[in-house]
Every structure is written in structure tokens, then in C-alpha cells.
Participant: 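Please read through the structure below; I'll follow up with questions.
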Amino acid sequence: MAFPSPAHLSLISKPSPSSPLFSNFPRTRFTPPTPARPTPSRFTCLASQTGFFTRLGRLIKEKAKSDVENIFSGFSKTRDNLAVIDELLLYWNLADTDRVLDELEEALLVSDFGPKITIKIVESLRDDILSGKLKSGSEIKDALKRNVLELLTKKGNKTELQLGFRKPAVIMVVGVNGGGKTTSLGKLAYRLKNEGAKILMAAGDTFRAAASDQLEIWAERTGCEIVVAEKENAKASSVLSQAVKRGKQEGFDIVLCDTSGRLHTNYSLMEELIACKKAVGKVIPGAPNEILLVLDGNTGLNMLPQAREFNEVVGITGFILTKLDGSARGGCVVSVVDELGIPVKFVGVGEGLEDLQPFDAEAFVNAIFS
């Protein structure tokens, strides 16, 4: 396959009106305006400030704590599953300990906490009850929440984006087909841009015909610029390389790289991710700064084999868990962190632009065990 030259790569959005899948969206040629600098607020981080990426990460984390209501509503189905715990503990007494803990164990398993974590939590509670440390239902509930929070923070405490100190920072987004990868990238671009970052998107999904069109729509919606391949069958690594070069030359803060969805069992496609990672690293040593794996929350514990394979191939730095608002299996958040020791950085809790929420472990625990 011939390696495409830079001339074959479009450096601005070129919508394809003929694409039937997105024909209902307004499609206009994207000419980046000269945007007015937003009025600084306590959540705004100007790119001219020193320590931009450090400040950006802290502001996103601060927003996670202020967006508790969105997290709370997003985990309503998981919370409904676990509501039985309150009923169990309301009239708890020492004689009922075994029955109550058996039913609590079942509730955790139904919510996809997984056998290993569930047994660990339940046995810890049992020991504390029998030793007299826990003497009431409310104390058991508080201990349950502490145990889950400890599991999340012990192995997955680096929930902030780790973007280094050089511009542009590069974030690669990977995942299987249908997990919400491109949508998550678009929402991430929206959030980062609102914090004052100058964003360049790279349409590295060169296998799916409509993928570039979809990302171009996100570029228009978020006011970001985009690099796409004009020539068919262009290599994804070439597209990402050109995007990072442009990001470096034109002073972009962050380059968001989309990649083709692939089954974790397809070795040849997984190998392509290695090529993409190497191509980006040749332009900026040490890049990509983050490799985020998008996992569909509806798959529950089935996401673990995917996560293991992607991590072995490219080295995942964080997870984006999507579609959790439609799932009652929110316990998988705890399972994937405990199993792999990789932090969850964002969770998708709705369809809106702002519904890709920075993950905050304490807010998550409070949302599912309210």
C-alpha cells in the first residue's frame, strides 16, 4: 500500500453531503472563526498561563465535584438495583447477619461488581460486624461505601488527564466497534475547548466509511479544527502523524486522535494501533500522553477481556466508560479498576454534549449508594 503524501490529507473539514448516514445534519464547510476569548471564570484556564496542562487537569477535576447532580442521575439504574441494601439494613440485627450479607452479596453481583470484589467486600463487613466494630445498619452502609471507595482510589487514583508539559499534548482514543468511541472523542473535545484549550481533531478511523463524516460533524459542533484523509485507503498512522505535525507547527494545545474500532481478538488490527502509537511518537517523543480506552457500560464484566488485550498491545492509561445511564451494571466501574489498576477518567451518563463527566470516585460511590 502506497504511503500517502501530505497532499492527500485534508487539513480542514471537508464534509461529504452524499453520505446518507448523516444527511440530516447541517453540513457546511468549516472555516474556523476568530473566536472571542471567553470571560475568565474559576473554571477557565487560559493557554497562555504557565502550567497549562496541570491547571487544566485540576479544573476538570473540580468540575467533576461540581457536576455531582449529573453523576447522580446518570447512575439511577444501578442505584435502583442497590436500593435493596437500604431495606436490608433498615431493621438489621446481629441474628440476621448471615441472611442480610447473603442478600447484600446478591445485590452487588447483580450490579456487576464481580465475584472477587463482592466476596472481598462482604467478608470484610462480616469480620467487622462479628468483632463489634459495626453495630448498626447505618454503620454497615458507611463501611460498605468506604470499602468501595478504597478499591477505586487505591488502584485508580490518577483520574486527572496526564498531559505532560509540552504542547501539543496528544490523546489517542481506542476501542471496539460500537462502544461510543467517536462520540466520546467529540464530547471530550467540547469539554477541553470550554476550558480554554485549542483543540485539533485527527480522523484516524480510516476503515469505517462514515467515521470521518461523523467526526467532522463533531468538529463543527464544537468549533474545533480537524485533519482527515482525502485519499481512500490512507493509513491511519499517516493521518495521525500529519495531524500531530500540524498541531506542533500551529500551536495547538491538544491533538485528539480517533482510531478505527476493532475487535480485541483481531491481531492484525490491534497491530495497527502499535503503528499509530509509533507514528505519533516520532513527531513528538513521548507522545501520546494519554491512550484512553472506551468501554461500553452495557457489556458489564464482559469489558474486562477487551481491556486486558488493549492494555497489553498499546498500554492503556485510562478508561472512558460509556452508556452507563442506560445500564444497571455500574459495579463494572469498580471491577475494571480493581482488575487492571488503570483509572477511569471519564464516564458517559447521557446523550448531551456535557454528559461525558470527569470521573470522581467519591461522587460515584455516593451516587450508587445514596
Side-chain angles (χ1 to χ4, degrees), residues 60-61 63-85 107-114 117-118 121 144-145 148-149 151-153 155-157 159-161 173-191 261 292-307 310 316-340 342-370:
I60 290 175
K61 191 169 185 178
K63 270 201 169 179
K65 294 184 181 297
S66 70
D67 289 341
V68 171
E69 186 175 332
N70 287 342
I71 293 289
F72 188 84
S73 61
F75 285 98
S76 60
K77 291 190 176 182
T78 300
R79 185 166 59 252
D80 291 344
N81 256 5
L82 296 171
V84 66
I85 294 175
L108 294 177
L109 288 172
V110 167
S111 296
D112 264 10
F113 276 80
I117 291 176
T118 298
I121 291 173
L144 170 62
K145 293 170 70 173
V148 175
L149 183 60
L151 286 169
L152 288 169
T153 54
K155 292 188 176 181
N157 60 335
T159 57
E160 296 179 17
L161 288 174
V173 181
V174 302
V176 301
N177 298 307
K181 179 171 50 61
T182 302
T183 299
S184 295
L185 187 147
K187 291 180 179 180
L188 180 58
Y190 174 81
R191 181 170 287 275
L292 303 181
L293 173 61
V294 177
L295 296 168
D296 184 344
N298 287 313
T299 63
L301 291 176
N302 292 325
M303 67 174 60
L304 288 175
Q306 298 175 26
F310 275 95
I316 301 302
T317 61
F319 297 119
I320 298 176
L321 300 187
T322 64
K323 307 178 186 179
L324 287 169
D325 56 311
S327 171
R329 308 167 82 174
C332 63
V333 174
V334 187
S335 297
V336 74
V337 172
D338 183 72
E339 181 80 15
L340 298 173
I342 298 172
V344 175
K345 303 222 169 182
F346 293 91
V347 289
V349 293
E351 298 294 330
L353 271 175
E354 298 184 356
D355 289 332
L356 184 71
Q357 295 290 320
F359 181 71
D360 180 82
E362 187 174 356
F364 166 75
V365 171
N366 288 332
I368 64 174
F369 292 114
S370 64

Participant: Take Thr183 and Lys187 through the test side chain to side chain contact (heavy atoms under 4.5 Å, CB included) and record every step on the way to the result.
Facilitator: CA-CA 6 Å; Thr183 299; Lys187 291 180 179 180; 3.8 Å; yes
Participant: Given side chains that start at C-beta, do those of Val174 and Leu292 come closer than 4.5 Å, heavy atoms only?
Facilitator: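 No - every pair of side-chain heavy atoms lies 4.5 Å or more apart.
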Participant: Can you name the nearest heavy-atom pair linking Asp112 to Gly300, along with the distance?
Facilitator: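 Looking at all heavy atoms of both residues, the shortest contact is OD2-CA, 3.0 Å.
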Participant: Can you check whether Asp296's main-chain N or O pairs, donor with acceptor, with Thr299's side chain at less than 3.5 Å?
Facilitator: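 Checked: pair present.
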Participant: Kindly determine whether Val344 and Thr159 satisfy side chain to side chain contact (heavy atoms under 4.5 Å, CB included), including the steps that lead there.
Facilitator: CA-CA 6 Å; Val344 175; Thr159 57; 5.9 Å; no
Participant: Within a strict 4.5 Å, meaning less than it, do heavy atoms of the Phe113 and Val148 side chains meet?
Facilitator: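 Heavy-atom side-chain distance check passes, below 4.5 Å.
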Participant: Give a yes or no answer on whether the side chain of Ser335 reaches the backbone of Leu301 with a donor-acceptor pair at less than 3.5 Å.
Facilitator: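 Pair absent, no side-chain N/O of Ser335 close to backbone of Leu301.
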Participant: Looking at side-chain heavy atoms only, is the closest gap between Leu108 and Leu82 below 4.5 Å?
Facilitator: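 Yes, at least one pair of side-chain atoms sits under 4.5 Å.
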Participant: Roughly how far, to the nearest 0.5 Å, is CG of Leu304 from CG of Leu340?
Facilitator: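 Nearest 0.5 Å value for the CG-CG distance: 6.5 Å.
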Participant: Does Gly330 offer a backbone N or O that forms a donor-acceptor pair with the side chain of Ser111 under 3.5 Å?
Facilitator: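 No, Ser111 side chain to Gly330 backbone: no donor-acceptor pair under 3.5 Å.
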Participant: Of all the heavy-atom pairs spanning Thr78 and Gly331, show the shortest one and how long it is.
Facilitator: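 For Thr78 versus Gly331, the nearest heavy atoms are CG2-N, 4.4 Å.
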Participant: Are any side-chain N or O atoms of Asn366 and backbone N or O atoms of Glu362, one a donor and one an acceptor, separated by less than 3.5 Å?
Facilitator: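 Side chain of Asn366 to backbone of Glu362, a donor-acceptor pair under 3.5 Å: yes, one is there.
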Participant: Who pairs with Lys345 by salt bridge (charged side-chain N to carboxylate O under 4.0 Å, His left out), at least two apart in sequence or on another chain?
Facilitator: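 Residues passing salt bridge (charged side-chain N to carboxylate O under 4.0 Å, His left out) with Lys345: Glu290.
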Participant: Which atoms form the tightest heavy-atom contact between Leu152 and Val334, and what is the distance?
Facilitator: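 Shortest heavy-atom separation between Leu152 and Val334 comes out as CD2-CA, 3.9 Å.
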Participant: Val294 versus Val173: any side-chain heavy-atom pair under 4.5 Å?
Facilitator: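 A side-chain contact exists here, since the closest heavy-atom pair is under 4.5 Å.
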Participant: Provide the closest heavy-atom pair for Ile342 versus Ile316 in the form atom of the first, atom of the second, distance.
Facilitator: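 Shortest heavy-atom separation between Ile342 and Ile316 comes out as CD1-O, 3.7 Å.
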Participant: What's the separation between atom CD in Glu351 and atom CG in Leu356, rounded to the nearest 0.5 Å?
Facilitator: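 If I round to the nearest 0.5 Å, the distance is 12.0 Å.
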Participant: Atom CG in Leu185, atom OH in Tyr190: separation rounded to 0.5 Å?
Facilitator: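 One gets 15.5 Å once the value is rounded to the nearest 0.5 Å.
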Participant: Is there any salt bridge (charged side-chain N to carboxylate O under 4.0 Å, His left out) pair reaching into residues 297-307, and which pairs are they, with sequence neighbours excluded?
Facilitator: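 Output for this query is empty, none listed.
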Participant: Let me confirm one number: the CG-CZ distance from Asp355 to Arg191, rounded to the nearest 0.5 Å.
Facilitator: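 Here the rounded value is 9.0 Å.
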Participant: What is the distance from atom CD1 of Ile320 to atom CG of Leu188, rounded to the nearest 0.5 Å?
Facilitator: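 Going from the CD1 atom of Ile320 to the CG atom of Leu188 covers 5.5 Å.
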Participant: Of all the heavy-atom pairs spanning Gly297 and Cys332, show the shortest one and how long it is.
Facilitator: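 So the two residues come closest at O-SG, 4.2 Å.
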Participant: Is the shortest side-chain heavy-atom distance between Phe310 and Val176 below 4.5 Å?
Facilitator: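 With C-beta onward as the side chain, the pair touches.
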Participant: For Ala361 and Thr153, which heavy atoms make the closest approach, and how far apart are they?
Facilitator: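 Here Ala361 and Thr153 meet closest at CB-CG2, 4.1 Å.
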Participant: Quick check: does any side chain N or O of Arg79 sit under 3.5 Å from a backbone N or O of Phe369, one acting as donor and the other as acceptor?
Facilitator: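 Not at all, since once roles are kept as given, no pair shorter than 3.5 Å links the two residues.
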Participant: To the nearest 0.5 Å, what is the distance between CG on Leu321 and CZ on Phe359?
Facilitator: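 With rounding to 0.5 Å, CG (Leu321) is 8.0 Å from CZ (Phe359).
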